[in-house]
2 protein chains.
Amino acid sequence: MATIKDVAGAAGVSVATVSRVLNDNGYVHEETRTRVIAAMEKLNYYPNEVARSLYKRESRLIGLLLPDITNPFFPQLARGAEDELNREGYRLIFGNSDEELTKEREYLQTFKQNHVAGIIAATNYPDLEEYSGINHPVVFLDRTHEGAPSVTSDGYTGGKLAAEAIIHGKSRRITLLRGPVHLPTAQDRFHGALEVLKHAEVDFQVIETASFSFKDAQSMAKKLFATYPETDGVIASNDIQAAAVLHEALRRGKNVPDDIQMIGYDDIPQSELLFPPLSTIKQPAYDMGKEAAKLLLRIIKKQPLTETAIQMPVTYIRRKTTRKEDHDA
Amino acid sequence: MATIKDVAGAAGVSVATVSRVLNDNGYVHEETRTRVIAAMEKLNYYPNEVARSLYKRESRLIGLLLPDITNPFFPQLARGAEDELNREGYRLIFGNSDEELTKEREYLQTFKQNHVAGIIAATNYPDLEEYSGINHPVVFLDRTHEGAPSVTSDGYTGGKLAAEAIIHGKSRRITLLRGPVHLPTAQDRFHGALEVLKHAEVDFQVIETASFSFKDAQSMAKKLFATYPETDGVIASNDIQAAAVLHEALRRGKNVPDDIQMIGYDDIPQSELLFPPLSTIKQPAYDMGKEAAKLLLRIIKKQPLTETAIQMPVTYIRRKTTRKEDHDA
DNA sequence: TTGAAAGCGGTACCAC
DNA sequence: GTGGTACCGCTTTCAA
């Protein structure tokens, strides 16, 4: 691996000059520049990022903290962030926290130790002192924290849209699944849906659900139909849950959406693979990742910020598990 | 951020001594050690990884190159690798190549510039000179390259298992989907299945498929049923494809698996969410990632290698799109 | 058992 | 325009 010294030697100049052409700052004679560039190419030189980071006290690395990349909602977020960051030459150090405090702390620690330029955190612990006491820019993703920069989507409206879709499709005995109580995102959509149901002329009941895992959702679905066999509409807390409910409904020989409607939340890529394809509320995951990256980049470059808490719109995706909107309703 | 100098000052020793207790090498008096440790704690000191990497010419970072984290097969691989690497204190720099040469080169470049300790590459271009001319350890994942270290799964056997499952379930007019010709993994399973079909007393035909995308798979599925309406068994090249075929079959009012069987490949997490749950050949993705990490770690530590091209077993997962094996067959 | 000092590969200030 | 050099924070000889 050639170093800046090798290049300087080959070009017959000092390292300072090489550094100048490298960073394109300061004066350097056109002819010298040519010689230096030739030397760089001949030696196949590229600068050592580690040395750079040491001096600058800042690397071209961004820390990305996710709960679990294995959860189908997150790859999109990651992709969106990565694509945007790459355009500016930043790379990702990436970690899954599993929502465990210890892991989260460990990752934050290594992010700092590697002098990341910034952090994007989809965390459940935004109030950790590690965040407040940090001197790296942080953007929260899919979570908010007081005045801190963040990118989220409008869960309350999303919940309302979901409930409205089910009601317009004329379900009259609706089951609303409340997601994990400790997840603000789940509670936002829950409250949005609740609000609509309360003011509609329908029967409805709420089922508490502890987790988003498919396994738990499966047993929950069984219980749902056992307890409320007359349910003709289900508002799920996310798409995985909706899939489990869909499963159980089909297994029981129900016709979807004629006998029972259901709607998910998130619009993970798999939702359209289900049969029938799942109606759902789409969070623009890829764009959320992208926006978070953009926001972070602006903060890193100390550009003026117009808005610091970005909320993205959600949309109702009607596929085949809800009935056509009935305008006479 | 406290530096080693601050600690040295606070403990009344030189930086050399602090370094010694930090790395637990060389002689240091028990009492001195205690003093130094106390100082580190008081100052909340943790070493600057960048400075370390510069001197050592090696960081605690591992480059992970994936085609696309958004493809549901890869998050598992990533997770497996990460979990294993973490146990040894390594972190991941992570990039999606989209199977584009340029992106792949760019990532490899930054991996080197950041002095990664090693690279795990799920690449389609293992013969790139960037790999042969590299002085970082590389483990290929889901791909092989001559004698290079790699972790794959046994695709040929997988293909055979898939075909056998369909045949044992008594399909007699089988359609075999050939995956993208440029993907060795897809061709392995294809040839395995082909081998079995050739020696069985069944009718079968092959359909070429250009990509793994759901959209392409959808139109392919329509064509399949239009061209071969009498097909009573489909061997897909992966689960996404199988999902598309399943969709189309159900849309046409076919009963699965009574009228037609189908089997996928990979066992992505979503396959059991389908209705009916998809029978498939499982690649142990998480374990493959884990093995790749283990292998890489061994290479990094210059430990003796027993095997350098690890092939993991695949298994037939019978769910509801294949019929019970018929032992009279 | 400890410290001084030379690097690791860059950047940027200051002189010339 | 260009070069000399101190410095980023750490590790590792070498000498004491």
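Per chain, numbering begins at 1; letters A, B, ... match sequence-line order. Any value given below was found using the heavy atoms of this structure, including those in side chains, with hydrogens, waters and symmetry copies removed.
Around atom CD of A/Q303, more than 12 heavy atoms belonging to other residues, nucleotides or ligands sit under 6.0 Å away.
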For nucleotides 1-3 of chain D, which of its nitrogen or oxygen atoms have a protein nitrogen or oxygen under 3.5 Å away, and what is each distance?
residue : atom : partner : partner atom : Å
D/dT2   : OP1  : A/T32   : OG1          : 2.5
D/dT2   : OP2  : A/H29   : N            : 2.6
D/dT2   : OP2  : A/T32   : OG1          : 3.4
D/dG3   : OP2  : A/S14   : N            : 3.0
D/dG3   : OP2  : A/S14   : OG           : 3.4
D/dG3   : OP2  : A/T17   : OG1          : 2.7
D/dG3   : N7   : A/R20   : NH2          : 3.1
D/dG3   : O6   : A/R20   : NH2          : 2.5

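Atom C1' of nucleotide D/dA6 and atom CG of A/L54 are separated by 13 Å, given to the nearest angstrom. With rounding to whole Å, A/E58 atom CD is found 17 Å from D/dG9 atom C1'. Atom CG in B/N25 sits roughly 13 Å away from atom C1' in D/dC10 (whole-Å rounding). Rounded to whole Å, the distance from CG on A/N114 to C1' on D/dG9 is 14 Å.
Chain B approaches DNA chain C within less than 4.0 angstrom (heavy atoms of the protein), and the contacting nucleotides run 5' to 3' from C/dT1 to C/dG9.
Remark: DNA chain C takes part in the stems C:1-16 with D:1-16, each of 3 or more antiparallel Watson-Crick or G-U pairs, criterion distances under 3.5 Å.
At least one side-chain heavy atom of B/I299 sits under 4.5 Å from a side-chain heavy atom of B/P149.
Ionic pairing of A/D24 and A/R33 is present here: one or more N-O contacts between side-chain nitrogen and carboxylate oxygen are shorter than 4.0 angstrom. Electrostatic pairing of B/R60 and B/E49 does not count as a salt bridge here, judged by no charged N lying under 4.0 Å from a carboxylate O. Classification of B/D98 and A/R79 as a salt-bridged pair holds, one side-chain N sitting under 4.0 Å from a carboxylate O.
Each ring-ring contact (aromatic ring centres under 6.0 Å, His included) pair with one or both residues in residues 119-146 of chain A, not counting sequence neighbours, appears once here: A/Y131-A/F140. Counting only residues at least two apart or in different chains, ring-ring contact (aromatic ring centres under 6.0 Å, His included) contacts with residues 60-98 of chain B comprise A/F94-B/F94.
Of the two residues contacting DNA chain C, namely A/V18 and B/K56, the nearest-nucleotide position lying further toward the 5' end is that of B/K56.
Every residue two or more places apart in sequence or in another chain that forms a salt bridge (Lys or Arg N to Asp or Glu O under 4.0 Å) with A/E88 is listed here: A/K301.
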Checking salt bridge (charged side-chain N to carboxylate O under 4.0 Å, His left out) for the pair A/K103/A/E106: CA distance, chi angles, key distance, verdict?
CA-CA 5 Å; A/K103 288 197 186 182; A/E106 280 174 10; over 6 Å; no
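Interatomic distance, CG of B/N114 versus CZ of A/R52, reported as 11.0 Å (0.5 Å rounding).
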